[in-house]
Number of protein chains: 2
Amino acid sequence: MAGIEGDDSATVSGSTLGYALLSLLTRGPATGYQLTQQVKAPLGHFWTARHSQIYPELARLSAAGWVDSVEQAGPGPRAKKTYAVTPAGLAALRAWLVIPPTAQPRSEITLKAYAATSADPAAMAALYTDLADRSTRLLAEYEQDAARMRAAGQDDPAHPRFGNYAVLMMGVESQRAVHRWARWLASCLRTGRPVAYGEAAD
Amino acid sequence: MAGIEGDDSATVSGSTLGYALLSLLTRGPATGYQLTQQVKAPLGHFWTARHSQIYPELARLSAAGWVDSVEQAGPGPRAKKTYAVTPAGLAALRAWLVIPPTAQPRSEITLKAYAATSADPAAMAALYTDLADRSTRLLAEYEQDAARMRAAGQDDPAHPRFGNYAVLMMGVESQRAVHRWARWLASCLRTGRPVAYGEAAD
DNA sequence: AGTTGACATGTCAGAAGTTACATAGTGAGG
DNA sequence: CCTCACTATGTAACTTCTGACATGTCAACT
């Protein structure tokens, strides 16, 4: 109830996805389809959503008065809708942003490491070697993107897309962390003996 | 169907939570209550579940023949059940472990960073300063745990609880990454100007 | 002329996860 | 004696997320 029917109580309501969409819309109006594309990168490195989740959520945001939409004739059987954040939506986003989040991260690859001793060591070592390789590739990709952004002045907190740069930098840090860890773990499993951290060989 | 009715097909079925519980049970038989405690640390840093999710999942694992249970008279209105992995359960776990995971991580704090420019800079800077402090505390805690484990020989891949150590090391890497990133971001937001990575002051 | 891929919007069933409700014994401390 | 915390197991309602189903246009390539 609170906050979802146009009242201006300070109560924060709405799902995390709703705020993610509002964040995307602060970069300019967009259609549901465009938002679906935009949750791929760099946001997609830390938050994803399918279109089947996005369209209903946009309807909810619209009902709450947090976004406006204009319809144009588009391809396909239905009208194309372009959404934009309303002042109420922006206020709601600003209120949500400064609340410290509590959600714990979930990582399936780390969960698998927890049971590493139950599996075939060679197969598990291969799994973490692949992960290390993948993180190397991703890291190179992210660093290139970061350099491009810096050249465009996007590393300035005053730049309207500074958030993209901030998320990308978290991606860089994460991949560095994953790389070091995966390499160490693969080394442990391959040799079958304790390996000091930082001494993992390729 | 496949894999859930006692057939020994190579097909992997079951939820991630099911495999997480099997992983815990490879460390020895446990009750649902004990499993609820054990998903707190170190596994809880990367995977969590409430008892309301664990009890039904144990019932499903039992129906699939992946775990066995023995009942003892316990406190409270119901019998206490102690679960143990069956050979079929262990085989299922081993098959699942070597499949490369695909799930993307989710991080609410990174999502908030994406919209950082929409919020009050001072409030956002405080949020990331707090995060940096929290990661410092966690890191110290994790490093202590890691030292204790190393002293107990748990850093040896042959040790039955090597997985605990591996997960903890991911925790260490993650907190280091979060710390560096949060400090940098807070610095950016506080000064309002681009800050080179690695040059963020406290 | 036919196929593929991008554009574009939606629904539905089910899985996964959270919060709250419900019950009951035991031991420690006030 | 009372309360609190821990042990212990379950259910119910609800939210969130995924995967599949459903429709239709337009441009490029074969």
Side-chain angles (χ1 to χ4, degrees), chain A residues 1-4 12-21 29-40 44 46-64 67 69-83 101-106 108 111, chain B residues 1 3-4 12-21 29-40 43-44 46-64 67 69-83 101-106 108 111:
Chain A
M1 290 286 113
I4 208 78
V12 173
S13 74
S15 64
T16 306
L17 175 62
Y19 295 109
L21 296 179
T31 65
Y33 185 83
Q34 289 175 317
L35 292 170
T36 306
Q37 307 306 305
Q38 286 171 44
V39 284
K40 280 174 188 162
F46 297 100
W47 202 271
T48 56
R50 308 300 175 93
H51 79 274
S52 58
Q53 212 188 341
I54 290 173
Y55 286 113
E57 186 62 37
L58 282 171
R60 274 189 290 273
L61 291 174
S62 191
V67 298
S69 63
V70 283
E71 299 195 10
Q72 302 121 283
R78 293 188 196 82
K80 176 171 124 171
K81 287 177 210 161
T82 302
Y83 292 88
T102 48
Q104 293 291 307
R106 250 152 216 270
E108 206 173 313
L111 173 58
Chain B
M1 301 258 133
I4 208 80
V12 174
S13 72
S15 65
T16 305
L17 175 62
Y19 294 109
L21 296 180
T31 65
Y33 184 84
Q34 289 174 318
L35 292 171
T36 306
Q37 307 307 305
Q38 286 171 45
V39 283
K40 279 172 189 163
L43 199 56
F46 297 99
W47 202 272
T48 55
R50 309 298 176 94
H51 79 273
S52 59
Q53 213 189 340
I54 290 172
Y55 286 112
E57 186 61 38
L58 282 170
R60 275 191 289 272
L61 291 174
S62 190
V67 298
S69 62
V70 283
E71 300 195 11
Q72 302 122 282
R78 293 187 197 82
K80 176 172 124 172
K81 287 176 210 161
T82 302
Y83 292 88
T102 49
Q104 293 291 307
R106 249 152 218 266
E108 205 172 315
L111 172 58

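Chain naming here is simple, since letters A, B, ... match the order of the sequence lines and numbering starts at 1 in each.
- Within 4.0 Å (heavy atoms only), A:Gly74 reaches no atom of the nucleic acid at all.
- One atom, NE2 of A:His51, and another, P of C:dA6, lie 15 Å apart when rounded to the nearest Å.
- At the phosphate of C:dA22, neither OP1 nor OP2 sits under 4.0 Å from any side-chain N or O atom of B:Arg78.
- Judged by atom type and distance alone, A:Ser52 reaches the base of D:dG19 through a side-chain donor-acceptor pair under 3.5 Å.
- Residue A:Arg50 places at least one side-chain N or O closer than 4.0 Å to OP1 or OP2 of D:dG19.
- Taking all atoms of both residues into account, the shortest heavy-atom contact from A:Ile54 to A:Gly32 is CG2-O, 4.2 Å.
- Rounded to an integer number of Å, the gap from A:Ile54 CD1 to D:dT18 C1' is 13 Å.
- When the C1' atom of D:dT16 is taken as reference, atom CD of A:Gln104 falls 18 Å away, rounded to whole Å.
- Contact annotation: B:Lys80 side-chain N/O to C:dG25 OP1/OP2 distance is not under 4.0 Å.
- Interatomic distance, OH of A:Tyr19 versus CH2 of A:Trp47, reported as 12.5 Å (0.5 Å rounding).
- A donor-acceptor contact shorter than 3.5 Å links the side chain of B:Arg106 to the backbone of A:Thr48.
- The CD atom of A:Gln37 sits 11 Å away from the P atom of C:dT9 (whole-angstrom rounding).
- Nucleotides of DNA chain D nearest to A:Glu57 and B:Gly76 differ in position, and the one nearer the 5' end is that of B:Gly76.
- In this structure, the OH atom of A:Tyr55 is 17 Å from the C1' atom of D:dC17, given to the nearest Å.
- A straight line from CZ of B:Arg60 to P of C:dA15 spans 9 Å, rounded to a whole angstrom.
- When side chains are defined from C-beta on, B:Thr31 does not count as touching B:Thr36, because their heavy atoms never get closer than 4.5 Å.
- Residue-to-nucleotide proximity on DNA chain D shows that, of A:Leu17 and B:Gln34, the 5′-proximal contact is made by B:Gln34.
- Using a distance-only test at 3.5 Å, with no hydrogens or angles considered, no donor-acceptor pair links the side chain of A:Tyr83 to the main chain of A:Ala59.
- The phosphate of C:dT9 (OP1 or OP2) has no side-chain N or O of A:Tyr33 nearer than 4.0 angstrom.
- Separating the NZ atom of B:Lys81 from the C1' atom of D:dG10 is a distance of 9 Å, rounded to the nearest angstrom.
- Residue A:Gln53 places at least one side-chain N or O closer than 4.0 Å to OP1 or OP2 of D:dT18.
- Atom-to-atom, CZ of B:Arg106 to P of D:dT15 comes out at 18 Å; the value is rounded to the nearest Å.
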